[in-house]
**Student:** 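Please find one structure pasted underneath; my questions will follow.
In what follows, every heavy atom counts, from backbone to side chain, and hydrogens, waters and symmetry copies are set aside. Every value quoted in this text rests on a predicted model; they were computed, and no experiment measured them.
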Amino acid sequence: METTAGGPGSWSENILQYFLRNNHIKTEDGAQITWYHAANHKAQMNEALKSTAHMIEADVLLPSEGSDQSQPIMAHPPETSSDNTLQEWLTEVTKSNKGIKLDFKSLAAVEPAMMLLENVKKHLKRPVWINADILPGPNGNSRVVDAKPFIDTVTSFFPDVTFSLGWTTGWHPEKVNEGYSWTMVKEMECICNELSQPVTFPVRAALVRQSCSQFLWLLKKSNRYV
């Protein structure tokens, strides 16, 4: 099913159109969109909210076993604890007009996180991206998030959301690093062509040059891909 990005205020609204409509950028140019990454702990979250960044990215996981917390927290592995829960994070971020990207490192955190997002949906009239690395990529050693249950769970709560679907990757400074193979991008296309939402593909910048042919092919497969 082919669709375009959602209308004004929807979670699948194109971020360029959203920030242009709100006079935060001057032209429809992706280079004008600024990001604050890893806004996980309260200090980084508050810094991000005060910054000029248009989009805030943060990582969601369940705390380590034995923790007195059972709700999703904001942390990036190898960290397994945080001074910030997803609920606290959403309470603060919904007061801003910044776009959101939530990066999931495990499937276990997805459903409880979607339940929390559902509680604040009416306050989030802006682009929301839900991210996970669902396939192994070049030199990727991290564990992937199982694609089907991840996508099915998110979609069951929010059919109108932008997916950010990537590959696990690694980088070896002492070696020749190969780019994304045709097998990798074709496997991603096989998953994404079943979706109706916009999809963006996060990639390791250092590997893009040697993967241009593959990514140009992938992006041309649908007007939903960005």
Side-chain angles (χ1 to χ4, degrees), residues 33-96 98-120 124 126-147 149-151 153-154 157-158 161-174 177 200-207:
I33 302 293
T34 55
W35 289 76
Y36 191 108
H37 292 277
N40 295 327
H41 293 278
K42 290 181 178 178
Q44 285 73 39
M45 175 192 71
N46 290 327
E47 185 177 82
L49 291 171
K50 293 175 183 176
S51 76
T52 58
H54 300 101
M55 296 285 293
I56 299 180
E57 184 267 350
D59 305 286
V60 185
L61 50 77
L62 288 181
S64 57
E65 291 185 14
S67 169
D68 57 0
Q69 290 181 322
S70 59
Q71 60 175 308
I73 60 171
M74 313 309 290
H76 189 291
E79 285 188 316
T80 56
S81 62
S82 175
D83 65 351
N84 212 6
T85 65
L86 175 59
Q87 186 166 14
E88 292 171 322
W89 192 90
L90 288 171
T91 297
E92 297 305 313
V93 174
T94 52
K95 298 174 185 176
S96 75
K98 298 180 185 296
I100 293 172
K101 178 180 177 181
L102 293 177
D103 187 357
F104 288 87
K105 301 302 184 185
S106 71
L107 187 62
V110 177
E111 185 171 0
M114 295 302 107
M115 294 172 69
L116 292 173
L117 272 171
E118 192 169 44
N119 294 335
V120 299
L124 285 173
R126 68 191 81 168
V128 175
W129 291 10
I130 302 297
N131 179 88
D133 291 335
I134 61 171
L135 292 173
N139 300 313
N141 294 317
S142 301
R143 186 176 180 179
V144 301
V145 177
D146 196 357
F150 171 74
I151 291 170
T153 301
V154 174
F157 281 89
F158 308 114
V161 71
T162 297
F163 274 114
S164 174
L165 303 176
W167 301 258
T168 60
T169 63
W171 176 260
H172 300 300
E174 305 299 326
N177 291 269
T200 181
F201 303 106
V203 298
R204 185 178 283 264
L207 300 176

**Student:** With side chains defined as the heavy atoms from C-beta onward, is the minimum distance between M115 and P72 less than 4.5 Å?
**Tutor:** no

**Student:** Is E92 paired with K42 through a side-chain N to carboxylate O contact shorter than 4.0 Å?
**Tutor:** no

**Student:** Any side-chain heavy-atom pair from K98 and Y36 closer than 4.5 angstrom?
**Tutor:** no

**Student:** Measure the shortest side-chain to side-chain distance between I100 and W89 over non-hydrogen atoms and say whether it is less than 4.5 angstrom.
**Tutor:** yes

**Student:** Is the shortest heavy-atom distance from the side chain of L49 to the side chain of V93 under 4.5 Å?
**Tutor:** yes

**Student:** May I have the step-by-step check of side chain to side chain contact (heavy atoms under 4.5 Å, CB included) for L117 and L124, ending in yes or no?
**Tutor:** CA-CA 9 Å; L117 272 171; L124 285 173; 4.0 Å; yes

**Student:** Identify which one of D59, D103, T162 satisfies the side chain to side chain donor-acceptor pair (under 3.5 Å) criterion when paired with N131.
**Tutor:** D103

**Student:** Is the CD atom of E111 crowded by more than 12 outside heavy atoms at less than 6.0 Å?
**Tutor:** no

**Student:** Decide yes or no for L207 and N139: does some side-chain heavy atom of the first lie under 4.5 Å from some side-chain heavy atom of the second?
**Tutor:** no

**Student:** Between L62 and I73, does a side chain to side chain contact (heavy atoms under 4.5 Å, CB included) hold up when you go through it step by step?
**Tutor:** CA-CA 6 Å; L62 288 181; I73 60 171; over 6 Å; no

**Student:** Do T169 and D133 have side-chain heavy atoms sitting under 4.5 Å apart?
**Tutor:** no

**Student:** For a 4.5 angstrom cut-off between non-hydrogen side-chain atoms, does N119 reach L90?
**Tutor:** no

**Student:** Can you check whether L86 reaches M74 side chain to side chain, under 4.5 Å on heavy atoms?
**Tutor:** yes

**Student:** Any donor-acceptor pair under 3.5 Å linking the side-chain atoms of H41 with those of D83?
**Tutor:** yes

